[in-house]
Amino acid sequence: MKIGDCVVAWSKDEELRKMGASGGLVTSLLVGALETELVDEVIALRKISEFEGVPIRTSDTDEAIRSAGSLHAAPINLTKFAVRFFEEHPDGAIALPVKPCDCRGIIEQAKRRKIDMDRIYLIGLNCGGTMDPITTMEMLEKMYEMDPKKIVEEEILKGKLIFKTEEEEKAISIDEVEEAGYGRRESCRYCGINIPMMADLACGNWGAGEDETFVEILTEKGLRLMKSAVDHGLIETAPAPEKGIKIREKTNSVMENVAKTWYEKVFVPIEDRSERMKYYMDAMEDCIDCEACKYVCPVCSCDESKCIGFYDPMDSHKISIYHLIRLLHLADSCIGCGQCTDVCPAEIPLTILHKRVADRIQAKYDYIPGIDMKTPPFFEVE
Amino acid sequence: MEEEWIPKITLFCCNWCSYAGSDDAGVGRKQQPPTTRTIRVMCSGRTDPAFVLAALLEGSDAVLFTGCHIGDCHYISGNYKAKKKFEMLKEVVDELGLEDERLQLQWISASEGSEFAAYINKVTEEIEAIGPSPLRQEWMK
Ligand SMILES: Cc1cc2nc3c(=O)[nH]c(=O)nc-3n(C[C@H](O)[C@H](O)[C@H](O)COP(=O)(O)OP(=O)(O)OC[C@H]3O[C@@H](n4cnc5c(N)ncnc54)[C@H](O)[C@@H]3O)c2cc1C
Ligand code: SF4
Ligand code: SF4
Ligand code: SF4
Ligand code: FES
């Protein structure tokens with residue numbers, strides 16, 4: 001094994017191999033990292049139900065094993081949990097599974113000195129998108145005519161979204177559910193980064209066989225993780241078949257094109273100035289100042305936030321300065337992860353507002369946040 | 001009686017150049033309209049974008065970043081930082097729908113009193129032509 005290799009791999013523990021999303025490899029790597037003391041803690045998502053997962057930070061391998069499997073309807077971002085770890089253990093090391101948006105958040109935080117890239121192992125997961133739990137439950141009742149409480153398994157296969165109960169199994173195409181307003185979160189539909197090439201490893205089921213995980217080894221750290229799990233007898237690997245590599249590439253490019261089409265559909269430019277102003281004013285009018293959107297944002301990194309410091313609810317400005325400061329501060333770093341829209345109790349489409357501003361600035365400075373260690377334009381002074 | 005609207009322009013001046021330039025305009029008795037509200041900062045680099053946004057929301061019809069010419073900043077790189085802040089803000093403010101004239105950047109040296117007065121006259125005319133800012137509240141005078 002070396003950097004740049006594509007392999008298929010799986011857990012040697014038969015039970016874990018079955019429990020895992022596609023071979024239990026990711027969980028085995030977390031366990032291996034703890035057992036070989038490469039890291040002090042790991043982060044994983046503890047499953048509560050198909051629609052709820054709680055991020056945990058643990059050094060207990062059993063706890064890590066219990067978190068195996070993919071939760072598609074738990075649209076969480078793990079960045080801030082990694083930030084907390086480094087606040088508490090500045091010299092510690094940690095490993096965690098990361099979707100592309102988790103990974104991008106972590107890289108942007110690293111640029112702001114909140115995360116030490118040498119001490120964080122990023123086990124990348126390919127990602128085709130996550131779903132909002134509440135709308136997914138509604139979809140199950142309306143479109144699938146299934147009781148969400150009875151769901152035991154959920155799966156995405158060949159463009160179809162499949163749900164299983166103990167008794168039955170139903171599949172509907174993703175296009176059809178998304179046409180009806182369900183399916184993946186809006187931000188995931190237009191997210192064009194599906195394979196986390198900026199992580200240490202890129203793991204997924206694209207191109208892998210039954211109960212196998214496809215892994216691309218991307219960095220020295222990634223290689224270290226794989227090797228220590230092999231040496232520790234936790235995983236088995238084989239070279240990725242040529243056909244698998246092709247399938248993965250092809251599926252990825254199909255997904256990229258779907259994302260582009262969605263992007264054009266969602267981000268229709270508003271040419272007229274006064275209409276633009278009205279659009280932003282109307283959109284933010286219902287804000288109740290809960291600050292949740294700032295709290296969840298994976299790329300916000302202030303200890304004492306300026307957006308809050310400058311804001312006073314008594315101001316009665318036409319647009320709140322809290323939002324204007326945030327629009328500016330996130331202009332170079334917003335990764336369009338959708339967390340802000342997800343948490344907003346006033347249902348303000350914040351991600352779209354942020355991205356409308358951010359995409360202009362990111363295009364102007366030719367900067368894509370979270371994909372490499374390039375200095376953000378704000379800090380790049382001639 | 002309805003009070004007549006005249007532009008309110010918030011002007012950020014750096015202590016060493018543009019503030020001295022405005023002083024030079026005064027000492028030289030150059031004619032200027034009473035449209036500016038000057039805020040002196042030690043260096044243009046101290047012009048926090050949050051100040052600019054606050055000025056716009058509090059009823060300014062325009063905000064001007066001013067400072068020493070590039071290369072003349074008394075803290076070496078402050079005006080480069082000001083320029084970056086200005087450029088980023090400009091995109092945001094433009095996306096929000098504010099007209100181009102409402103946010104400007106001008107370098108003015110301590111001896112450029114006439115240029116300073118001419119600039120204020122020019123900006124005032126531009127703002128008079130486009131009217132009050134859509135961000136100011138109707139009750140703001
Ligand atoms: C939301 C989502 C979408 C995915 N879409 C694709 C895809 O389109 N194509 C593809 O090839 N692969 C996709 N994957 C990756 C795939 O499902 C497997 O995770 C991957 O193949 C690794 O399998 P494994 O058996 O080795 O992982 P496991 O051993 O089962 O470990 C999975 C790890 O991921 C963590 N996890 C579960 N849900 C989440 C979540 N929502 N966010 C962050 N971490 C989580 C678990 O806590 C666990 O630690 C997706 C994964 C997720 C979470
Ligand atoms: S918006 Fe700006 S001030 Fe507010 S928390 Fe994020 S980075 Fe800090
Ligand atoms: S502003 Fe919203 S979409 Fe952008 S990074 Fe922050 S939480 Fe994600
Ligand atoms: S989450 Fe929504 S309501 Fe809360 S501060 Fe953000 S925009 Fe306002
Ligand atoms: S001191 Fe004038 S711009 Fe820095």
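First the proteins, then the strands, lettered A, B, ... as listed; each starts at 1. When reading the values below, keep in mind they use all heavy atoms of this one structure, side chains included, and skip hydrogens, waters and symmetry mates.
Remark: Lys122(B) NZ is packed, more than 12 non-hydrogen atoms of other residues, nucleotides or ligands lying under 6.0 Å away. Within a 6.0 Å radius of CH2 in Trp16(B), no more than 12 heavy atoms belonging to other residues, nucleotides or ligands are found. Residue-environment remark: CD1 (Ile288(A)) exceeds the threshold of 12 foreign heavy atoms within 6.0 Å. Environment of CD in Glu179(A): sparse, with no more than 12 heavy atoms of neighbouring residues, nucleotides or ligands closer than 6.0 Å. Heavy-atom neighbours of Tyr295(A) OH from other residues, nucleotides or ligands within 6.0 Å: at or below the threshold of 12. Counting non-hydrogen atoms of other residues, nucleotides and ligands closer than 6.0 Å to CZ of Arg46(B) gives a total of 12 or fewer. Within 6.0 Å of CD1 in Ile76(B) there are 12 or fewer heavy atoms belonging to other residues, nucleotides or ligands. Within 6.0 Å of atom NZ in Lys81(B), 12 or fewer heavy atoms from other residues, nucleotides or ligands are found, so the atom counts as exposed in its surroundings.
Only the side chain of Tyr365(A) comes within contact range of chain B, with heavy atoms under 4.5 Å apart. Proximity to chain B is limited to the side chain of Lys364(A), based on heavy atoms less than 4.5 angstrom apart. Within the 4.5 angstrom heavy-atom criterion, no atom of Leu353(A) approaches chain B.
Residues Met88(B) and Leu328(A) have side chains in contact (heavy-atom distance under 4.5 Å, counting atoms from C-beta outward). Between Leu135(B) and Met281(A) there is a side-chain heavy-atom pair separated by less than 4.5 Å. Contact check for Lys306(A) versus Asp48(B): side-chain heavy atoms found under the 4.5 Å cut-off. The shortest side-chain heavy-atom distance between Asp315(A) and Leu57(B) does not fall under the 4.5 Å cut-off. Looking at Leu56(B) and Leu324(A), their side chains never come closer than 4.5 Å, going by heavy atoms from C-beta outward. Using a 4.5 Å cut-off on side-chain heavy atoms (C-beta onward), Arg276(A) and Asp94(B) make contact. His317(A) has its side chain within reach of Glu58(B): a pair of non-hydrogen atoms, C-beta onward, lies under 4.5 Å apart.
No other option in Asp272(A), Val357(A), Asp332(A) has as many heavy-atom pairs under 4.5 Å with chain B as Val357(A). Contact count against chain B (heavy-atom pairs under 4.5 Å) is highest for Met277(A) among Glu380(A), Met277(A), Arg356(A).
Of the candidates Glu87(B), Glu91(B), Glu95(B), Glu91(B) is the only one forming a side chain to side chain contact (heavy atoms under 4.5 Å, CB included) with Ile361(A).
In this structure, CG on Leu96(B) lies 12.0 Å from NE2 on His323(A), to the nearest 0.5 angstrom.
A donor-acceptor pair under 3.5 Å links the side-chain atoms of Lys84(B) to the main chain of Pro377(A), judged by distance alone.
For Ile321(A) against Ala50(B), the heavy-atom pair with the smallest separation is CD1-O, 3.9 Å.
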